[in-house]
Amino acid sequence: MNEEQHPWNVFPENKKGNKLILGSFPPKRFTMNLENLQENDISFFYGSSDNKFWEMFCVSKDLNYNWRLYPEKLKNYLIDNNWIVSDIILKTTRKVENALDKDLIVTEWNTKIIKEILENNNIETIYFTSKWVQERFCTKIFPSLTRIPKIVILISPSRNGLMSLNWAREIFPQLKAETNTNYRQRYYNHFLNL
């Protein structure tokens, strides 16, 4: 398997903000050949057509536009509202050809950039895009932080994120008759607006 390099290190490039979103690593089509993107893919963090992160983010923040049609509007919103976006992995190979985090073989963690973000900003909250990301951050990247910001673990925005919700239900109960999709959006609405 070929080693893949992350196509974006951080957004915005100046690494300025007070809220940090951390994901894992993009699907292979984003790292090997951006000309092979699928319909509705956007060349940006969590831009896979299968990833619902920004859709849920926009609903949670009452951004009344389709971010896939207007990615620059989303990027401007992030800058204007002090959001920093990055992933915990810089380089990886894959056990098998899929986009599952559990099948990544990390060859380089994004320690330097994340450390720089945390040292040069007063980060109030770190939003992890999944429990897997939060666990790897705490064990592989920063097992000890001198100042610990508030931590929010979001339900994975991938299709697979709707399959393992028990940990989330323990901290934010699902309503009776609420679909998993609706529950995930309500979870995002709540935790992105604390």
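These numbers come from the heavy atoms of this one structure, side chains and all, not from hydrogens, waters or symmetry mates. Every value quoted in this text rests on a predicted model; they were computed, and no experiment measured them.
- Contact annotation: the side chain of Pro26 approaches that of Pro7 to within less than 4.5 Å [non-hydrogen atoms, C-beta and beyond].
- No side-chain donor-acceptor contact under 3.5 Å links Arg184 to the backbone of Leu154.
- Judged by distance alone, the side chains of Asn121 and Glu116 never bring a donor and an acceptor atom under 3.5 Å apart.
- A cation-pi contact links Lys131 to Trp167, judged by a cut-off of 6.0 Å to the six-membered ring centre and 45° from its axis.
- Listed here is the closest heavy atom pair of Gln185 and Ser60: NE2-OG, 3.3 Å.
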Handout entry: Leu104 and Ile89: CA distance, side-chain angles, deciding distance, side-chain contact (heavy atoms from CB on, under 4.5 Å) verdict
Key = CA-CA 9 Å; Leu104 296 173; Ile89 300 169; 3.7 Å; yes
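- Within 6.0 Å of atom OH in Tyr70, 12 or fewer heavy atoms from other residues, nucleotides or ligands are found, so the atom counts as exposed in its surroundings.
- Val85 and Leu90 fall into different hydrophobic clusters, where Ile, Leu, Val, Met, Phe, Trp and Tyr are joined by side-chain heavy atoms under 4.5 Å apart, directly or via other members.
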Practice task
Applying side chain to side chain donor-acceptor pair (under 3.5 Å), run through Gln38 and Asp50 and close with a yes or a no.
Solution key: CA-CA 10 Å; Gln38 297 175 359; Asp50 299 321; 5.4 Å; no
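- Contact annotation: the side chain of Asp101 never approaches that of Phe25 to less than 4.5 Å [non-hydrogen atoms, C-beta and beyond].
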Practice task
Give the C-alpha distance, both sets of side-chain angles, the deciding distance and a yes or no for salt bridge (charged side-chain N to carboxylate O under 4.0 Å, His left out) between Arg94 and Glu4.
Solution key: CA-CA 9 Å; Arg94 298 176 194 268; Glu4 298 172 49; 2.7 Å; yes
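- Going from atom CD1 of Ile114 over to atom CG of Leu20 covers 7.0 Å, rounded to the nearest 0.5 Å.
- The closest side-chain heavy-atom distance from Tyr188 to Val59 is not below 4.5 Å.
- By the rule that hydrophobic residues join a cluster once side-chain heavy atoms approach within less than 4.5 Å of another member, Ile105 and Ile88 end up as members of separate clusters.
- When all heavy atoms are compared, the tightest approach of Gly161 to Ile155 is O-CG2, 3.5 Å.
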Exercise for the section: Would you please test Asn9 and Ser86 for side-chain contact (heavy atoms from CB on, under 4.5 Å) and show each step? Expected result: CA-CA 6 Å; Asn9 292 330; Ser86 195; 5.8 Å; no
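- Classification of the His6-Trp8 ring pair by plane angle, with boundaries at 30° and 60°, yields perpendicular.
- Arg68 and Gly47 make their closest contact through NH1-O, 3.0 Å (heavy atoms, listed as atom of the first residue, atom of the second, distance).
- Heavy-atom minimum distance, Ile117 versus Ile123: CG2-CD1, 4.0 Å.
- Contact annotation: the side chain of Asn180 approaches that of Gln174 to within less than 4.5 Å [non-hydrogen atoms, C-beta and beyond].
- Between atom CG of residue Asp41 and atom OG of residue Ser49 there is a gap of 4.0 Å, rounded to the nearest 0.5 Å.
- Atoms CD1 and CD1, from Ile113 and Ile84 in turn, are 11.5 Å apart once rounded to the nearest 0.5 Å.
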Problem - Verdict with supporting geometry, Thr107 and Glu3, side chain to side chain donor-acceptor pair (under 3.5 Å) - result: CA-CA 8 Å; Thr107 56; Glu3 183 178 64; 2.7 Å; yes
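- Note that CG of Leu78 is 13.5 Å distant from NZ of Lys73, once rounded to the nearest 0.5 Å.
- Within a 6.0 Å sphere centred on CZ of Arg159, heavy atoms belonging to other residues, nucleotides or ligands number 12 at most.
- No side-chain heavy atom of Thr125 sits under 4.5 Å from any side-chain heavy atom of Pro149.
- Hydrophobic clustering, with ILVMFWY side chains joined whenever heavy atoms are under 4.5 angstrom apart, groups Phe172 together with Leu192.
- Side-chain contact between Thr92 and Glu108: absent, with no pair of heavy atoms (C-beta onward) separated by less than 4.5 Å.
- Cluster membership for Tyr77 and Leu69, using ILVMFWY side-chain heavy atoms within less than 4.5 angstrom, is shared.
- Pairing each heavy atom of Leu118 with each of Phe142, the nearest pair is CD1-CE1, 4.3 Å.
- Hydrophobic clustering places Phe128 together with Ile171 (ILVMFWY residues linked when any side-chain heavy atoms are closer than 4.5 Å, directly or through intermediates).
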Handout entry: Candidate pair Arg186 and Leu175, rule side-chain contact (heavy atoms from CB on, under 4.5 Å), full reasoning
Key = CA-CA 10 Å; Arg186 189 169 61 85; Leu175 302 175; 3.4 Å; yes
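- The line from CZ of Phe53 to CH2 of Trp67 is 10.5 Å long, rounded to the nearest 0.5 Å.
- With contacts defined as side-chain heavy-atom distances shorter than 4.5 Å, the pair Phe44/Lys75 qualifies.
- Around atom NZ of Lys115, no more than 12 heavy atoms belonging to other residues, nucleotides or ligands sit under 6.0 Å away.
- Between Glu97 and Lys28, at least one side-chain N (NZ, or NE/NH1/NH2) sits under 4.0 Å from a carboxylate O, which counts as a salt bridge.
- Applying ring-ring contact (aromatic ring centres under 6.0 Å, His included) to Phe57 and the options Phe45, Trp83, Phe191 leaves one that passes, Trp83.
- Taking the charged nitrogens against the carboxylate oxygens, Glu55 and Lys52 have no contact shorter than 4.0 Å, which rules out a salt bridge.
- Judged by distance alone, the side chain of Asn182 and the main-chain N or O of Glu178 form no donor-acceptor pair under 3.5 Å.
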Exercise for the section: Give the intermediate values and the outcome of side chain to side chain donor-acceptor pair (under 3.5 Å) for residues Asp87 and Ser24. Expected result: CA-CA 5 Å; Asp87 283 336; Ser24 57; 5.7 Å; no
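- Cation-pi geometry between Lys19 and Tyr127 is not met at under 6.0 angstrom from the ring centre and within 45 degrees of the axis.
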Practice task
Let me see the working for Lys150 and Glu124 under salt bridge (charged side-chain N to carboxylate O under 4.0 Å, His left out), right down to the final yes or no.
Solution key: CA-CA 6 Å; Lys150 183 167 62 174; Glu124 298 167 357; over 6 Å; no
Exercise for the section: Let me see the working for Leu37 and Phe30 under side-chain contact (heavy atoms from CB on, under 4.5 Å), right down to the final yes or no. Expected result: CA-CA 7 Å; Leu37 295 184; Phe30 287 87; 3.8 Å; yes
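- Looking only at side-chain heavy atoms (C-beta outward), Trp109 and Lys91 stay at 4.5 Å or farther from each other.
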Exercise for the section: Given side chain to side chain donor-acceptor pair (under 3.5 Å), test Glu170 with Asn166 step by step and report yes or no. Expected result: CA-CA 6 Å; Glu170 289 178 16; Asn166 288 339; over 6 Å; no
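- Counted by atom type alone, Thr181 and Thr179 present zero donor-acceptor pairs between their side chains at under 3.5 Å.
- Distance check, rounded to the nearest 0.5 Å: CD1 of Ile21 to OG1 of Thr129 gives 9.0 Å.
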